Amino acid sequence: QVQLVESGGGLVQPGGSLRLSCAASDLPLSTAYIITWFRQAPGKEREGVACISNSGVIRKYADSVKGRFTISRDNGQNTVTLQMDDLKPEDTAIYLCAATRESAFMYGTSWQPEVYEAWGHGTQVTVSS
C-alpha cells in the first residue's frame with residue numbers, strides 16, 4: 001500500500017508563496033503512478049488542483065490555480081512538489097496528495113477523488129492578512 005505524507009503548509013499573507021511536498025513510500029517497483037494535489041475547504045467539496053504524470057511530462061491544473069501554482073516531481077526522491085505563488089484567501093484549505101496507477105488512469109477523470117488509490121492526511125494552508 002502506497003503511503004503519502006504531505007508537508008509545507010502554514011499561514012501566509014495574500015500574495016505570498018508556499019511550497020508543499022508530498023513524500024511517497026512503499027511504491028511497488030516498476031509501477032508508474034499519477035500524483036494529484038487536491039484541496040478541501042470547510043463546507044466545500046474536495047477539489048482537484050494539479051496533476052502530474054509519472055514521467056513529469058504531463059501536468060494539468062485547475063482553472064482556479066493556472067499561472068499561480070506549479071507541480072513537479074523528483075522520482076529519485078519519490079517526492080511531488082506544489083509551488084504556490086500569489087496566494088489568495090480563497091486558496092485556504094487542507095491540501096492533500098493522492099496517487100493512482102498510471103496504467104488505468106484517464107486524464108478526463110483527474111479531478112474525481114474516487115479514482116485514487118492512496119491519500120495522505122493533508123496539510124493546512126491558510127491565506128490571511
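Computed from a predicted structure; not experimentally measured. In what follows, every heavy atom counts, from backbone to side chain, and hydrogens, waters and symmetry copies are set aside. Count residues from 1 along the sequence.
Put simply, OG on Ser110 and OH on Tyr61 are 12.5 Å apart, with the number rounded to the nearest 0.5 Å. With rounding to the nearest 0.5 Å, the separation of CE in Met84 from OG1 in Thr70 is 11.0 Å. To the nearest 0.5 angstrom, Ile35 atom CD1 is 9.0 Å from Thr100 atom OG1. The CD1 atom of Ile34 sits 9.0 Å away from atom CD1 of Ile52, with the distance rounded to the nearest 0.5 Å. Interatomic distance, Arg46 CZ to Gln112 CD, rounded to the nearest 0.5 Å: 14.0 Å.
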(request) Verify side chain to side chain contact (heavy atoms under 4.5 Å, CB included) between Ser72 and Arg59, making sure each step is shown before the conclusion. (result) CA-CA 8 Å; Ser72 60; Arg59 308 182 193 197; 4.1 Å; yes
(request) Kindly determine whether Leu20 and Val125 satisfy side chain to side chain contact (heavy atoms under 4.5 Å, CB included), including the steps that lead there. (result) CA-CA 9 Å; Leu20 305 183; Val125 171; 4.0 Å; yes
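Pairing each heavy atom of Asp85 with each of Ser17, the nearest pair is OD1-OG, 2.7 Å. Heavy-atom minimum distance, Val49 versus Leu82: CG1-CD2, 4.4 Å. Between Gly8 and Leu18, the shortest heavy-atom distance links the atoms O-CD2, 3.8 Å. Residues Asp91 and Val127 share a closest heavy-atom pair of CB-CG2, 4.3 Å. Scanning both residues, Leu87 and Val12, for their nearest heavy atoms gives CD1-CG1, 3.6 Å. The shortest heavy-atom contact between Gly48 and Ala62 is O-CB, 3.4 Å.
In summary, of the residues considered (Glu6, His121, Arg39), a side-chain contact (heavy atoms from CB on, under 4.5 Å) with Leu96 occurs for Glu6 alone.
For Arg68, the CZ atom counts as densely surrounded, since its 6.0 Å shell holds more than 12 non-hydrogen atoms of other residues, nucleotides or ligands. Under a cut-off of 6.0 angstrom, the local environment of CD in Gln77 is sparse, with at most 12 non-hydrogen atoms contributed by other residues, nucleotides or ligands.
By the rule that hydrophobic residues join a cluster once side-chain heavy atoms approach within less than 4.5 Å of another member, Ile58 and Ile71 end up as members of separate clusters. By the rule that hydrophobic residues join a cluster once side-chain heavy atoms approach within less than 4.5 Å of another member, Trp119 and Val5 end up as members of separate clusters.
Within the 4.5 Å cutoff, no side-chain heavy atoms of Ile94 are placed close to those of Thr123. You'll find the side chain of Thr92 reaches within 4.5 Å of the side chain of Gln124, heavy atoms only. Here the side chains of Glu45 and Gln40 are not in contact, with every heavy-atom distance at 4.5 Å or above. Contact of the Arg73 side chain with the Ser53 side chain is not registered, since no non-hydrogen atoms from C-beta on lie closer than 4.5 Å. The shortest distance between side-chain heavy atoms of Gln13 and Ser128 does not fall below 4.5 Å. When side chains are defined from C-beta on, Asp26 does not count as touching Val2, because their heavy atoms never get closer than 4.5 Å.
Listed by first then second residue, pairs satisfying disulfide bond (SG atoms under 2.5 Å apart) with a partner in residues 48-93 number zero, not counting sequence neighbours. Residue pairs that meet the disulfide bond (SG atoms under 2.5 Å apart) test with at least one member in residues 75-129, sequence neighbours left out, are Cys22-Cys97.
For the residue pair Asp74/Thr79, the side-chain donor-acceptor check at 3.5 Å is not satisfied. In this structure, a donor-acceptor pair under 3.5 Å is present between the side chains of Thr36 and Tyr116.
A donor-acceptor pair under 3.5 Å is formed between the side chain of Lys60 and the backbone N or O of Tyr107.
The aromatic rings of Tyr95 and Phe69 sit tilted, their planes meeting at an angle between 30° and 60°. Using cut-offs of 30° and 60° on the angle between ring planes, the pair Trp111 and Phe38 is perpendicular.
Note on Lys66 versus Asp63: salt bridge recorded, some NZ/NE/NH1/NH2 to OD/OE distance being below 4.0 Å.
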